[in-house]
Every structure is written in structure tokens, then in C-alpha cells.
Trainee: 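Right, I'll just put the structure down here and ask away after.
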Amino acid sequence: MSKVITARSEDYSQWYNDIVKRANLADHSAVRGCMVIKPYGFAIWENMRDQLDKMFKETGHVNASFPLFIPKSFLSKEAEHVEGFAKECAVVTHHRLMNAPDGSGVIVDPSAKLEEELIVRPTSETIIWNTYRDWIKSYRDLPLLINQWANVVRWEMRTRLFLRTAEFHWQEGHTAHSTSEEAVEETLKILDIYEKFAEEYMAMPVIKGVKSVNERFAGAVDTYTIEALMQDSKALQAGTSHFLGQNFAKAFDVKFLSENNKEEYVWATSWGVSTRLVGGLIMTHSDDQGLVVPPKLAALQAVIVPIPKPDAIINEAADKVIAALKDKGISVKYDTDAKKRPGFKFAEYEMHGVPVRIGIGKRDLEKNQVEIARRDTGEKTSVDLDGAAAYIEKLLVEIQDNLFNKAKKFRDDRISRADDFDTFKEILNGKGGFVSAHWDGTTETELKIKELTKATLRCIPLNNEKEAGKCILTGEPSKERVLFAKAY
RNA sequence: CGGGGCGUAGCGCAGUCCGGUUAGCGUACCUGCUUUGGGAGCAGGGGGUCGCAGGUUCGAAUCCUGCCGCCCCGACCA
């Protein structure tokens, strides 16, 4: 049992904070609600970013960069959009500071007031669509498939490291299409990429679905989502992909001439995932010993600990293993710090979630072996020195699979059906997780359910079976089940 | 914005009620020796505007006034 991490069973929130801090992922900063992402945490985000970036580029997207600031008037051009974001905007009003007349320090120079206030982007649809107006004239300019990696600011009332910070890093894709069908296809293509990334790389099972009107992105026609389930049985919206219809094209007057010389408004999508994924990664796999990172995203996949400390014989064996691992593209670190004892290092690397630990000591070397410990199960095995790298290569795949299967079983065990409101409440207050239930399709009922149970409508799953039933709250007829859960 | 809590060494805290030597403990850090197969032991050492600004007092971490910041719970949200 870890000496420095609160057990999940004792206080889940504290456990989460302990992991983030003790595994050196991030710290609270001097700025309210904003975090400092530390090198080890950022390395995991970089791995996520690189993989996603590759997947976006493979599907024809290119990167660009748009301004951090958005003129206030832009934000208000799409009515629903501004309503959704108005309450959480950071606003720049001045452009100069001056020394205070009384010598008390520096103040904002009142004469340097901006003509028009600038909003620090909470999302970039408006500034981007304002730009697209100049870029899109003809059907030949379409589709326009652009992504940007950026930081955005949403002045949230309450923040949590990675899960909800006032400033966060993300990618936001903004595409323009000549037909509605093509835009919808793009929206779903991205959702599939998100699903693939979550499941194959993060080893985090997700449910693809569409949001209710109430949960829809401000300014979207449809919002698609991937929903994951954390170890405390609360749901996490892990990524969203929006079909924006012609809303932004109309707001920013973005038209093109079609093949038959007709002027039409452009069809749009936008989609994003953020550093929140790091939070999801933590809460999907980690345990009371610390962080657990799936091999495909680990900042460091293997570590060699000399037992008790480095010497010529151990170094020689370590060098062999390192060379063989590097040959296979596996990242490895040889911890040669002679001041720290092996036990300390074991605990430290477990805390940091390094998937595989290789122990090399005299006892093993006498048999020409090394000891290999896997982070996910804690299991240790002795293997021949010469076969170590090949063993580890297979083991990393096995760990990746095991983490996904374990998380999937956990998630699947927590999808329950409820056919009446008492059962519904009982499940939410008991084992939690997703509850599949009939709903009459109205926002009013959705809000009432939220008020009574704190559960929100997470999504209407995409491959839902149609099934006639009655709304668990109102008894009105319903065509299909939807998923509810308490969520982050 | 409502409720609760907290600001004292890198981190975690005691001391504050009831003012009084040089502000203390654990841990981390540095040096040395002994250790080393699951978070080592001993000895020595360095590190502090006690959140900020006023005030009361011979004397303030401690009392008074004002301010600032952060965390947790709720409403809001990726």
C-alpha cells in the first residue's frame, strides 16, 4: 500500500489529486483554475497529441493556427453560440499598463481602453468562420479540412486538474463542406477516430452516441460524443464531434458557388478532445499504488533497476537489454542512481505508471536471467537475459490488451437497464454507471430527471436497437432507450 | 455565486484560544560513514518577508481592521 496516496475507497477525489501530484503530472498554478502541466504529464499529452495528429493527417486534415483573441462582436453573431459561452469568457479590455501615481505599483492605463473588447477564445468557430468567408468562394475550395492545436479559456466556476481547468489544451477541427451529407459523414468519421484512439491507445472503452438537444454544443445541429466510465462509476464525456449545419456559414455569410453556378451556404463540422483525456486516462486505469499508463501512451515504457546498485557486471547486462529494446522501438531508462535503494525505486516507478520494470541483480545474473515486473498486475517473472527484449515486446501488447479488457469489463458490468423510476434511482445510488432507460424525448423530462437524481442524459447510443417502451418518469411513449449517468 | 476549510521552510503540519528567549516537528535537500533483492540507519548541516497592508503594544505568527489567494462540496461546463 502506498504511503502517500489516499486509497480510492477512502476518498476518490483525494486519490485522484494525489495521483496527479505524486506522479508529477501537474500542479496547481498561481492562477486560479489554471494548472502547470509538468514534464512527465506533458509527455503523456504529447504522445496523445502525436497519435491523434497522425490520425487526422491520415484522413486528409491539415493544421493551422488562428488567433487567441476573438472580437466581442464575432461571438455574438451566432445566437445560440454566444448564449452557451457568454457566462465563462475572459475579456481583454485594455492594452497598456502604467505606474500608479501613488507609487503603489502598476495599474491598467485607463487611456489604453480597447475600441472593442477581445475575448480570449473559449472555442474558435467564430474567428475561423469569419476567416473561411474569405477562403471559400467555389465548390472547388471544398472540403476544407483544418485542425488546430491550441489552448483555450473557459472561466469555469469550479475546476479540477485535467478534468476541468480554466485554461486547457486541445485540438479543434473545423471543416467546411458543400453538402449536408458530406459534413455529417465527416462528423461521424471523426467520432470513429476518437473511438479508435480512446480504445486502442488509451485502452479506455467508450460509447458512441448523439447528445440530446439540452446537451448539444451551442450552435450545433447535432452533437456526437464518446462517453467513458471512470472507476467511481461516473461518466466522462471524452470527446465531441459536432455537425453544425449551416449555422455558422449563415452567421458569417460564408457562401460558395456550386457546380451548377448556384450560390449556397457552406456546411460545417467542429470537433475536439482536450487535456481532459489525461484525467480520463488516470481514472480509467490507475490504482492505489499510483498511476497506470497503457504502454502505447507511456512516456517511458520500461525501466531498468540495478539491484542493489550499478556495477560493471550489471551495467553490461543492462546495456544488452537496452540495445535490444531500442532495436524494437521500446523506450527504456536505466536508473543508475546509486543513492536510492531498489525498494524506493520500485515504489517510485509504480507511482509513475511505467508499464514494465526490469530488475537486474547478481541473484538473477547467476542464472543469466533478469526479473520482469508488470505494472498492471504487479506480477513478476524471471526470463533469460537474451530473450528479455522479445518477452517485453510481447508483454507490452499484453498489458495494453489487459488494461482495455479490464476497463471494458468494469464498464460493461455497469450498464444497467431500468424500466421504472425506483429501479433507476436505486441503480444510480447503488453501483452507479450507465443506466439504459426509456425517455419521452423532452428536455423538460431530462431536466426533471437531473434534478431528482443528478444523473444527466449522456447520449443516445448510435447503434441503438429500436424498442417501444414508456418513459421512466412520465410514462409517455418512447421509441428507444437512452443512457443516463452521473457525470464529470 | 452559496456552504465549508486553509494560508508558518520544497511538501505535510504544530504553535494562534491565553502576545514574551534565537519560530518548532516530520519529510525532502546537502556532507560523511555504515548499508543496499520492496520506500535504510546514525551523525552533522543548509533552508523562513509566519499570505499582504495597516493598527494596538515595550514587544505580534499569536490581538484588531481591511484586503488577497488557494482548496473542497454544490449550481455551470470539454
Side-chain angles (χ1 to χ4, degrees), chain A residues 1-6 11-14 16-18 21-22 24 27-35 83-89 104-105 122-123 150-172 194 211 214-218 223 225-228 235-242 270-280 289-290 305-311 314 337-351 357-366 369-371 373 378 380 382 447 450-451 454 456 486-488:
Chain A
M1 188 61 61
S2 170
K3 291 178 179 175
V4 285
I5 295 182
T6 307
D11 183 342
Y12 191 83
S13 292
Q14 191 55 48
Y16 177 80
N17 281 330
D18 287 349
K21 287 189 178 161
R22 298 294 172 176
N24 288 317
D27 269 334
H28 291 286
S29 74
V31 184
R32 190 203 82 99
C34 297
M35 64 178 168
E83 201 191 317
F85 288 102
K87 285 176 285 183
E88 50 186 41
C89 287
S104 63
T123 180
N151 52 345
V152 292
V153 168
R154 296 182 188 174
W155 214 262
E156 300 291 350
M157 289 173 187
R158 206 180 138 235
T159 58
R160 292 194 70 188
L161 292 166
F162 288 112
L163 294 175
R164 190 182 308 108
T165 43
E167 178 200 23
F168 57 94
H169 295 259
W170 75 344
Q171 59 71 213
E172 47 179 328
Y194 286 164
K211 289 287 189 184
N214 176 55
E215 296 274 338
R216 190 183 281 164
F217 175 76
T223 288
T225 178
I226 52 169
E227 296 285 325
L236 182 77
Q237 179 175 310
T240 46
S241 183
H242 316 291
S270 73
W271 28 275
V273 295
S274 71
T275 37
R276 164 179 272 196
L277 288 180
V278 178
Q289 269 64 251
V305 177
I307 301 168
K309 62 180 176 186
D311 65 31
I314 293 173
D337 187 347
K339 298 256 159 124
K340 300 225 164 34
R341 301 167 54 144
F344 181 90
K345 293 177 182 176
F346 295 167
E348 203 60 23
Y349 290 112
E350 275 158 17
M351 180 83 76
R357 186 185 71 232
I358 305 147
I360 306 183
K362 202 180 284 176
R363 200 173 73 194
D364 305 294
L365 286 179
E366 276 166 6
Q369 289 188 324
V370 295
E371 182 188 78
K380 295 183 208 174
S382 287
L447 293 175
K450 183 179 176 186
E451 187 191 321
K454 295 197 172 160
T456 48
K486 290 183 186 170
Y488 276 96

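Treat the numbers as computed from the prediction; the structure is a model and nothing was measured.
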Trainee: At under 4.0 Å between heavy atoms, what does A:L236 touch on the DNA or RNA strands: base, sugar-phosphate, or nothing?
Mentor: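 It contacts nothing in the nucleic acid.
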
Trainee: Tell me which nucleotide among B:G39, B:C77, B:G74 gets nearest to the side chain of A:A347.
Mentor: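 Of B:G39, B:C77, B:G74, B:G39 is nearest to the side chain of A:A347.
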
Trainee: Could you give the distance separating B:G2 and B:A78 at their C1' atoms, to the nearest angstrom?
Mentor: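 Going atom to atom, C1' in each nucleotide, I get 25 Å.
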
Trainee: Under 4.0 angstrom, heavy atoms only, what part of the nucleic acid is A:E350 near: base, sugar-phosphate, or nothing?
Mentor: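 Base: the residue A:E350, judged by heavy atoms under 4.0 Å, touches a nucleobase.
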
Trainee: Could you tell me if the side chain of A:I360 sits less than 4.5 Å from the side chain of A:L365, heavy atoms only?
Mentor: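 Yes. Closest side-chain heavy atoms under 4.5 Å.
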
Trainee: Starting from the C-alpha separation in whole Å, work towards a yes-or-no answer on side-chain contact (heavy atoms from CB on, under 4.5 Å) for A:K211 and A:Q237.
Mentor: CA-CA 11 Å; A:K211 289 287 189 184; A:Q237 179 175 310; 2.9 Å; yes

Trainee: Calculate the interatomic distance between A:Y16 atom OH and B:C72 atom C1'; express it in whole Å.
Mentor: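 A:Y16 atom OH is separated from B:C72 atom C1' by 15 Å.
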
Trainee: Base, sugar-phosphate, or nothing for A:K380, non-hydrogen atoms under 4.0 angstrom?
Mentor: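 Base: the residue A:K380, judged by heavy atoms under 4.0 Å, touches a nucleobase.
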
Trainee: Are the side chains of A:T123 and A:R154 in touch, meaning some heavy atoms are under 4.5 Å apart?
Mentor: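 Yes - at least one pair of side-chain heavy atoms lies under 4.5 Å apart.
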
Trainee: Please measure how far the P atom in B:A60 lies from the corresponding atom in B:A43, and state the result in whole Å.
Mentor: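 Pairwise P distance, B:A60 against B:A43, rounds to 37 Å.
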
Trainee: Suppose we define a pair by two distances each less than 3.5 Å, Watson-Crick or G-U wobble; what does B:A9 pair with here?
Mentor: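 Paired with B:A9, as far as the under-3.5 Å criterion goes, is no nucleotide at all.
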
Trainee: Can you check the A:D364 CG to B:G38 P distance for me, whole Å?
Mentor: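 Going from A:D364 (CG) to B:G38 (P), I get 12 Å.
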
Trainee: Taking side chain as C-beta onward, heavy atoms only, is A:E350 less than 4.5 Å from A:R357?
Mentor: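 Touching, per the 4.5 Å side-chain cut-off.
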
Trainee: Taking pairing as Watson-Crick or G-U wobble with both contacts under 3.5 Å, can you name the mate of B:G20, or confirm there isn't one?
Mentor: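 Base-paired to B:C58.
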
Trainee: C1' atom, B:C50 versus B:G39: distance in rounded Å?
Mentor: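 Nearest-Å result for B:C50 against B:G39 at atom C1': 32 Å.
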
Trainee: Between B:G26 and B:A14, how far apart are the C1' atoms? Round to whole Å, please.
Mentor: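 So the two C1' atoms sit 10 Å from each other.
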
Trainee: When the distance from OH of A:Y349 to C1' of B:G39 is rounded to whole Å, what number comes out?
Mentor: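 Distance, rounded to whole Å: 13 Å.
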
Trainee: Taking for each residue the nucleotide of RNA chain B bearing the nearest heavy atom, is the 5' side occupied by A:Y488 or by A:E348?
Mentor: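 Whichever sits nearer the 5' end wins; that is A:E348.
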
Trainee: Just call it for A:F217: base, sugar-phosphate, or nothing, with non-hydrogen atoms closer than 4.0 Å on any strand.
Mentor: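 It contacts nothing in the nucleic acid.
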
Trainee: Please determine, for B:U31, whether a Watson-Crick or G-U wobble partner exists with both distances under 3.5 Å, and give it or none.
Mentor: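 Partner of B:U31: B:A43.
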
Trainee: Find out whether the Lys NZ or Arg CZ of A:R164 is both under 6.0 angstrom from the six-membered ring centre of A:Y488 and within 45° of the ring's axis.
Mentor: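 No, A:R164 and A:Y488 do not form such a contact.
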
Trainee: How many whole angstroms separate atom NE2 of A:H242 from atom P of B:A78?
Mentor: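 Taking atom P of B:A78 as the reference, NE2 of A:H242 is at 8 Å.
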
Trainee: May I have the distance from A:I314 (atom CD1) to B:G37 (atom P), rounded to whole angstrom?
Mentor: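 Atom-to-atom, A:I314 to B:G37, this comes out as 12 Å.
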
Trainee: When every nucleotide of nucleotides 8-13 of chain B is labelled 5' to 3' by its protein contacts under 4.0 Å (heavy atoms), B for base, S for sugar-phosphate only, - for none, what sequence of letters results?
Mentor: ------

Trainee: Just wondering, do A:R363 and A:I307 contact through their side chains at under 4.5 Å, heavy atoms?
Mentor: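 Not in contact.
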
Trainee: Provide the distance between the two P atoms, one in B:U49 and one in B:U56, to the nearest whole Å.
Mentor: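 Comparing P positions in B:U49 and B:U56 gives a spacing of 26 Å.
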
Trainee: Below 3.5 Å, does any donor atom in the side chain of A:K345 face an acceptor in the base of B:G37, or the other way round?
Mentor: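 A donor-acceptor contact between them is absent.
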
Trainee: Taking protein heavy atoms under 4.0 Å as touching, what does nucleotides 27-36 of chain B look like 5' to 3' if B marks base contact, S marks sugar-phosphate-only contact and - marks none?
Mentor: --S-S---BB

Trainee: Looking at side-chain heavy atoms only, is the closest gap between A:Q289 and A:M351 below 4.5 Å?
Mentor: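 Counting from C-beta outward, A:Q289 and A:M351 never come under 4.5 Å.
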
Trainee: What's the gap between B:U16 and B:G7 when it is taken at their C1' atoms, as a whole Å value?
Mentor: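 That atom pair is separated by 13 Å.
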
Trainee: For A:T165, answer base if it contacts any base atom (sugar-phosphate contacts may also be present), sugar-phosphate if it contacts only those atoms, and nothing otherwise; contact means non-hydrogen atoms under 4.0 Å.
Mentor: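 Counting heavy atoms under 4.0 Å across all strands, the contact made by A:T165 includes a base.
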
Trainee: Do A:L277 and A:Y194 make a side-chain contact, defined as non-hydrogen atoms from C-beta onward lying under 4.5 Å apart?
Mentor: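 They are not in contact (no side-chain heavy atoms under 4.5 Å apart), so the answer is no.
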
Trainee: Mind checking who B:A75 pairs with, Watson-Crick or G-U wobble, both distances under 3.5 Å?
Mentor: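 Answer to the pairing question: none, since B:A75 forms no Watson-Crick or G-U pair.
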
Trainee: Would you say that A:D337 contacts A:K345 through its side chain, given a criterion of any heavy-atom pair below 4.5 Å between the two side chains?
Mentor: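 Touching, per the 4.5 Å side-chain cut-off.
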
Trainee: Let's see if you can work this out: which of B:G74, B:A78, B:G39 has an atom nearest to the side-chain heavy atoms of A:M351?
Mentor: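 Between B:G74, B:A78, B:G39, the one nearest the side chain of A:M351 would be B:G39.
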
Trainee: Could you check whether any side-chain heavy atom of A:K450 comes within less than 4.5 Å of a side-chain heavy atom of A:N214, counting everything from C-beta outward?
Mentor: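 They are not in side-chain contact.
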
Trainee: Any donor-acceptor pair under 3.5 Å between the side chain of A:R154 and the base of B:C77?
Mentor: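 No such pair is found, so the answer is no.
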
Trainee: Relative to the 5' end of RNA chain B, which residue comes earlier, A:E156 or A:N17, by the nucleotide with the nearest heavy atom?
Mentor: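 That would be A:N17.
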
Trainee: Mind calculating the distance between CH2 (A:W155) and C1' (B:C1) to the nearest angstrom?
Mentor: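 A:W155 atom CH2 is separated from B:C1 atom C1' by 15 Å.
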
Trainee: Nearest whole Å is fine: how far is B:C76 C1' from A:N214 CG?
Mentor: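 So the two atoms are 12 Å apart, to the nearest Å.
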
Trainee: Residues from residues 271-279 of chain A sitting under 4.0 Å of RNA chain B, heavy atoms only?
Mentor: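 Contacts with RNA chain B under 4.0 Å: A:S274, A:R276.
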
Trainee: Taking the same atom, P, in B:G20 and in B:G59, what whole-Å distance lies between them?
Mentor: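 That atom pair is separated by 15 Å.
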
Trainee: Just checking A:R357: base, sugar-phosphate only, or nothing, at a heavy-atom cut-off of under 4.0 Å?
Mentor: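 Base contact.
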
Trainee: Please report the distance separating the C1' of B:C58 from the corresponding atom of B:U21, rounded so that it comes out in whole Å.
Mentor: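 Rounded to whole Å, the distance is 16 Å.
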
